[in-house]
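Here is the structure we will look at, set down as structure tokens.
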Amino acid sequence: MNNIIQQIADNSATFFNKTMEDILMGKIALPGITESVEAYSRRLGMELFRTVLQEVDEAIYESVKQTQAYHVKDKERPRTLVTPFGELTFSRRYY
């Protein structure tokens, strides 16, 4: 989880610096800034949600593994969810 936090911080700094450079160079106006920030926010939300789902899947696996009550039938079954950020495809375990 710490890795995703560092990635978000790095990507956000890069996005902010690029956007500021574009503003100062006159390459982007207010409507463009708004669209750019909205698109970045959607991508960030998708990555956060994907990471949360992966962490939850791993936590469930670790708790189930200890009890040996369930067995993994499929380790990487793809799943797609429609979210406010867009369609999110990820893999999860099935028991």
Side-chain angles (χ1 to χ4, degrees):
M1 189 65 137
N2 288 336
N3 190 25
I4 189 71
I5 293 169
Q6 185 61 49
Q7 287 176 346
I8 290 168
D10 292 345
N11 290 341
S12 295
T14 300
F15 172 77
F16 177 77
N17 290 335
K18 171 81 170 91
T19 302
M20 288 303 296
E21 182 180 313
D22 288 348
I23 292 168
L24 295 174
M25 299 296 286
K27 294 180 181 178
I28 191 170
L30 185 58
I33 296 167
T34 303
E35 291 170 10
S36 182
V37 168
E38 183 179 357
Y40 178 75
S41 297
R42 269 195 305 275
R43 285 192 310 272
L44 178 62
M46 292 281 271
E47 283 308 309
L48 282 171
F49 195 40
R50 181 185 331 270
T51 300
V52 166
L53 291 172
Q54 289 170 344
E55 293 290 326
V56 167
D57 186 57
E58 189 63 30
I60 292 170
Y61 172 70
E62 289 300 322
S63 73
V64 167
K65 183 171 75 170
Q66 293 174 0
T67 65
Q68 297 182 349
Y70 297 94
H71 301 284
V72 175
K73 289 185 178 183
D74 192 353
K75 186 177 179 179
E76 293 190 20
R77 184 179 291 188
R79 175 90 194 261
T80 300
L81 295 176
V82 177
T83 73
F85 312 111
E87 283 192 7
L88 174 65
T89 301
F90 61 99
S91 296
R92 61 167 290 220
R93 292 177 180 94
Y94 276 80
Y95 300 89

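If you're wondering where the values come from, they're calculated on a predicted model, not measured in any experiment.
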Within residues 75-95 or reaching into it, pairs that qualify as ring-ring contact (aromatic ring centres under 6.0 Å, His included) - sequence neighbours excluded: none
Does Met46 belong to the same Ile/Leu/Val/Met/Phe/Trp/Tyr cluster as Ile8, with side-chain heavy atoms less than 4.5 Å apart forming each link? no
Nearest-0.5 Å distance, CZ of residue Arg92 to CG of residue Leu81: 9.5 Å
Could you tell me which residues satisfy side-chain contact (heavy atoms from CB on, under 4.5 Å) with Thr80, sequence neighbours excluded, listed by chain and number? Glu87, Thr89
side-chain contact (heavy atoms from CB on, under 4.5 Å) partners of Glu62, counting only residues at least two apart: Glu58, Lys65
Can any side-chain N or O of Ser63 pair as donor or acceptor with the backbone N or O of Ile60 at less than 3.5 Å? yes
Going from CD1 on Ile23 to CE on Met25, what distance comes out if it is rounded to the nearest 0.5 angstrom? 13.0 Å
What pairs meet the ring-ring contact (aromatic ring centres under 6.0 Å, His included) rule with one or both residues in residues 43-62, with sequence neighbours excluded? none
Salt bridge (charged side-chain N to carboxylate O under 4.0 Å, His left out) involving Glu47 - partner list, sequence neighbours excluded: Arg50
Below 3.5 Å, can you tabulate the donor-acceptor pairs from side chains in residues 13-21 to any protein atom, sequence neighbours excluded?
unit_1: Thr14; atom_1: OG1; unit_2: Asp10; atom_2: O; d: 3.0
unit_1: Asn17; atom_1: ND2; unit_2: Ala13; atom_2: O; d: 3.2
unit_1: Lys18; atom_1: NZ; unit_2: Asp22; atom_2: OD1; d: 2.9
unit_1: Lys18; atom_1: NZ; unit_2: Asp22; atom_2: OD2; d: 3.0
unit_1: Thr19; atom_1: OG1; unit_2: Phe15; atom_2: O; d: 2.8

Donor-acceptor contact below 3.5 Å, side chain Thr34 vs main chain Leu30: yes
Assess the residue pair Leu88 and Leu53 against the criterion (side-chain contact (heavy atoms from CB on, under 4.5 Å)); give the C-alpha distance rounded to whole Å, side-chain angles, the decisive distance to 0.1 Å, and a yes or no. CA-CA 11 Å; Leu88 174 65; Leu53 291 172; 3.8 Å; yes
What heavy-atom pair brings Gly86 and Thr83 nearest, and what distance separates the two atoms? O-OG1, 2.7 Å
